[in-house]
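Comments concern the structure below.
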Amino acid sequence: MRIGYPCINRSIGCSPSRTFRLASYSDERLRDTVAANLACLDRILAYNASRGLLFLRITSDLVPFATHPVCTFAWMEHFAETFARLGEFCRDNGFRISMHPDQFVLLNTPDPDILSRSIAELEYQTAVLDMMGLDRAVKVQIHIGGVYGDKAASMERFVEAYRRLSPAIKNRLVIENDERLYSVADCFALRERIGIPVIFDAFHHAILNHGEPVQEIFPRLLASWKRPDGIPMVDYSSQEPGKRTGAHAETMDRQDFQAFLSGTRSWDFDLMLEIKDKERSAEQAIALARGDPRLITRPEEKRRS
DNA sequence: GGCAGTCAAGTACGC
DNA sequence: GCGTACTTGACTGCC
């Protein structure tokens, strides 16, 4: 079990998600912004390596407008060496990496334009990971999408769109249960059809479920990740008190987290903490998980499997 | 320097 | 059919 947090670090004083308004696009602005974002990602990786936080979600905003027609700058060529160097650092330090396209990426949309923009976004994100030289265990996670008034038909559209994806995307794509529309049971149903690995979001599952205990879920989860996919990824969060159901906690609920750890101790997976204070909670999680035989905080502890 | 309004992209839902 | 919520950090214009 590697532990990590998504996208940004609140204590090192830089952001890997800097962007700018579409109206102020220029090649220079894009080049400078990407250079700053990559420099910050470099700092985040160094920070995480020094603290044993070996699971990191890379922000989708690393290259602003990467898939927008306005983007004419050849950023892949320009930054090829930088991406390769960052990837080398990840491999040397035993990192697991993921990416998570946001709400606009929908493989089951009935609109062909939205579908082609979604595929372009998946191509961009997988290209970043490929340029970093990261293996198939590095994943891009998406939700199943919208319901569009007919869930069965919408799941069927996902299957059809998935089958037409390039191998480069298929090798990395995994699906995650959400808290409103598609449960982990729905993800498993798609898994049966197309063999895609399932990411388990424990917090979403607590909100949307069919009463399945984790004892039923985890064996199916593990079975959905084949050897080149690595061990499963799991997202964890808890409810922010006083906010609407599904609002992620600002700070870690230590009791809830310890209950999660002990309730899942039979299974190994990499754990993404979706808590708003980011690295702070992740560092607390490392401390709370000390002594858990699953925990890995240094590359030499990597399992010999 | 600080604040409030706004931002590429989509869907669901209430009125 | 239309406006708003969702989620959310960062940019931008205005004071």
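The sequence lines fix the lettering, A, B, ..., with proteins before strands; numbering per chain opens at 1.
Both A247(A) and R21(A) sit near DNA chain C, but only A247(A) has its closest nucleotide nearer the 5' end.
Phosphate proximity of dG9(C) to R10(A): present, with a side-chain N or O under 4.0 Å from OP1 or OP2. An OP1 or OP2 oxygen of dG9(C) is reached within less than 4.0 angstrom by no side-chain nitrogen or oxygen of S17(A). In this model, the phosphate group of dC11(C) is not approached by any side-chain N or O of S24(A) to a distance below 4.0 Å at OP1 or OP2. Remark: K276(A) is not in phosphate contact with dG9(C), judged by side-chain N or O atoms under 4.0 Å from OP1 or OP2. Look at R18(A) and you won't find any side-chain N or O under 4.0 angstrom from OP1 or OP2 of dC7(B).
Which of dC6(C), dT11(B), dA12(B) sits closest to the side chain of Q103(A) comes down to dC6(C). Comparing dT11(B), dA8(B), dG9(C) against the side chain of I114(A) picks out dT11(B) as the nearest.
In this structure, S118(A) reaches neither bases nor backbone, as no heavy-atom distance under 4.0 Å exists between it and the strands shown. Within 4.0 Å of R117(A), counting heavy atoms only, lie sugar-phosphate atoms of the nucleic acid but no base atom. Nucleic acid contact class of Y148(A) (heavy atoms, under 4.0 Å, all strands): sugar-phosphate only.
For dA4(B), the paired base is dT12(C) (Watson-Crick or G-U wobble, both distances below 3.5 Å).
Ring-to-base geometry does not place F104(A) in a stacked arrangement with dG10(B) (centre distance under 5.5 Å, plane angle under 30° required).
Shown here for P16(A) and C40(A), the closest heavy-atom pair between the two residues is N-SG, 3.6 Å.
Under the 30°/60° scheme for interplanar angles, the aromatic rings of F257(A) and Y236(A) are found to stand perpendicular.
Using a 4.0 Å cut-off between charged nitrogen and carboxylate oxygen, D277(A) and R10(A) do not count as a salt-bridge pair.
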